[in-house]
Protein chains: 2
Amino acid sequence: MDGTGAGRARTKGSVPTATISRLPGYLRALATLMARGVVTAPSGVLAEVAGVRPEQLRKDLSLLGAHGRRGVGYDVAGLRAELEATLGLTRERRVVIVGVGNLGRALARYPGFPDRGFVVVGLVDADPAVVGTRAAGLLVEPLERLDALVRDQEATVAVIATPAEVAQDVCDRLVRAGVRGILSFAPRPLQVPVGVDLRAVDLGSELQILAFHDHHRSGGGR
Amino acid sequence: MDGTGAGRARTKGSVPTATISRLPGYLRALATLMARGVVTAPSGVLAEVAGVRPEQLRKDLSLLGAHGRRGVGYDVAGLRAELEATLGLTRERRVVIVGVGNLGRALARYPGFPDRGFVVVGLVDADPAVVGTRAAGLLVEPLERLDALVRDQEATVAVIATPAEVAQDVCDRLVRAGVRGILSFAPRPLQVPVGVDLRAVDLGSELQILAFHDHHRSGGGR
DNA sequence: TAGATTGTTAATCGATTAACAATC
DNA sequence: TAGATTGTTAATCGATTAACAATC
């Protein structure tokens, strides 16, 4: 019951964030199944490969408006194309990486990015010793060039791999340059305006959380 | 009301995972405040620096059994020590990294690890061309040495930075060797037995989630 | 048709936010 | 004491799980 609709249950804009965060996993599972030559799969099989429960997968897909066939399952290739369209992966995304230290350099070469439709089009660093060097086939440019680079290369996504101290400043610049999504590895909370999407990965925190569970000897039984 | 207790509200074991995942952020905020010479801070200030709401911070701390002073706030140094004890950071944690490609190498050198009490004590790779090379002052050892390395070095935590295909096998070996926490960067869901803690970071998925929001033009207003 | 599996509604669970009495 | 701020309870919200009628 959504009152608004004339009939075409669109769902757009109302997809829960938890659902969205599982879509890349579903996509990967579908790719795996396709590679195995599987044409049709019931929710149980798909969920197993994706590492979730069948009910959750069905619920997520129904929230998206994707459909399977009762008594049969889901069309693997069809669903994959549908999810790719939902995630906007039909268009190539252009990425700028700011901070070309060990981590930034590793990310520039990370094969998982091109594999999933992301092209690194620019590298930026504040250190004069790093500027002018090459990484992953790209010339590292100075911080002053950030704005021009984002615009010229039409980058819509950026990765922040700088020290924490400068991360907010870099973030502000990226937003001003028109970037719409930011993935930050800086161990510090960042502020972005509404309309810009920020995701943060804090590697040190991840280890500390593991330490907590270790420390408290989780689980008694097997 | 927990029925069990005689009086000493211990809370141990019943801390929500959402709360635990925020503790490293609180710890960072406290370190920042201490560096600024702040001795006492109310929840509003602490929460602001940590990037959360004051009510949530107070709730989290109360679930942990940490206490502030009404009308005054929290003792920065004291709370920090308390959280470090809760997270088990009083003891140094020893980490093995499996997979010494670009990402593994970057993680081996990542300053955020030693900064937070983690020491990388071993590097392992399956590629004969990589074995025997040095990274971050450590010799890369072959996969066969994994078990002995974990035991000899008393590593309790491991990082998986291998290709997806071998990740589950590496994971199984790590578990057998006695590792209690695993941080995986492999783009594939992994299975671990109860009692072992697994956290997974999938860099490609993070970008795809950003792409979704970009694609669907989030937020209308400012 | 009979069997299988979806799509959806309802029930449960967990986490966040709000409100305020306790108390420093 | 008066003012400020905690600690906790209650209300809300969102997400997961269960159950099952619809239907291929």
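Computed over heavy atoms, backbone and side chain alike; hydrogens, waters and symmetry mates excluded. Chain A is the first sequence line, chain B the second, and so forth, proteins listed ahead of strands; every chain is numbered from 1. What you see is a predicted model, and the numbers here were worked out from it, not measured in a lab.
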By nearest nucleotide on DNA chain D, pick out whichever of A:Asp60 and B:Arg69 is the more 5' one.
B:Arg69

Side chain of [X] - closest among [options]:
| X | options | result |
| --- | --- | --- |
| A:Arg58 | C:dT17, D:dA19, D:dT17 | D:dA19 |
| B:Pro42 | D:dT17, D:dT5, C:dA18 | D:dT5 |
| A:Ser62 | D:dA18, C:dT8, D:dT9 | C:dT8 |
| A:Arg53 | C:dT17, D:dA18, C:dA15 | D:dA18 |
| B:Lys59 | C:dT16, D:dC24, C:dA10 | C:dT16 |

Answer yes or no: is there an ion pair linking A:Arg176 with A:Asp172, defined by an N-O contact shorter than 4.0 Å?
no

OP1, OP2 of [N] versus side-chain N and O of [X]: anything below 4.0 Å?
| X | N | value |
| --- | --- | --- |
| B:Ser43 | D:dT5 | no |
| A:Tyr74 | C:dG7 | yes |
| A:Thr19 | D:dT16 | no |
| B:His67 | D:dT6 | no |

Would you mind reading off the distance between [X] atom [atom1] and [N] atom [atom2], rounded to a whole angstrom?
| X | N | atom1 | atom2 | answer |
| --- | --- | --- | --- | --- |
| A:Leu63 | C:dT6 | CG | C1' | 14 Å |
| B:Leu64 | D:dT6 | CG | P | 16 Å |
| A:Glu55 | C:dA10 | CD | P | 18 Å |
| A:Ile20 | D:dG14 | CD1 | P | 14 Å |
| A:Leu23 | D:dA15 | CG | C1' | 15 Å |

Can you name the closest pair of heavy atoms from [X] and [Y] and give their distance?
| X | Y | value |
| --- | --- | --- |
| B:Val95 | A:Leu207 | CG2-CD1, 4.4 Å |
| A:Tyr74 | A:Leu61 | CE2-CD1, 3.5 Å |
| B:Ala31 | B:Arg80 | CB-NH2, 3.8 Å |
| B:Ile160 | B:Ala167 | CD1-O, 4.0 Å |

Counting only heavy atoms not in A:Gln168, do more than 12 fall under 6.0 Å of its CD?
yes

Is the backbone N or O of B:Pro187 less than 3.5 Å from a side-chain atom of A:Arg28, with the two atoms forming a donor-acceptor pair by type?
yes

Stems field, DNA chain D, Watson-Crick or wobble, 3.5 Å, at least 3 pairs, by first number, holds C:3-24 with D:3-24

I'd like to know if B:Arg70 reaches the base of C:dT23 with its side chain such that a donor and an acceptor end up less than 3.5 angstrom apart.
no

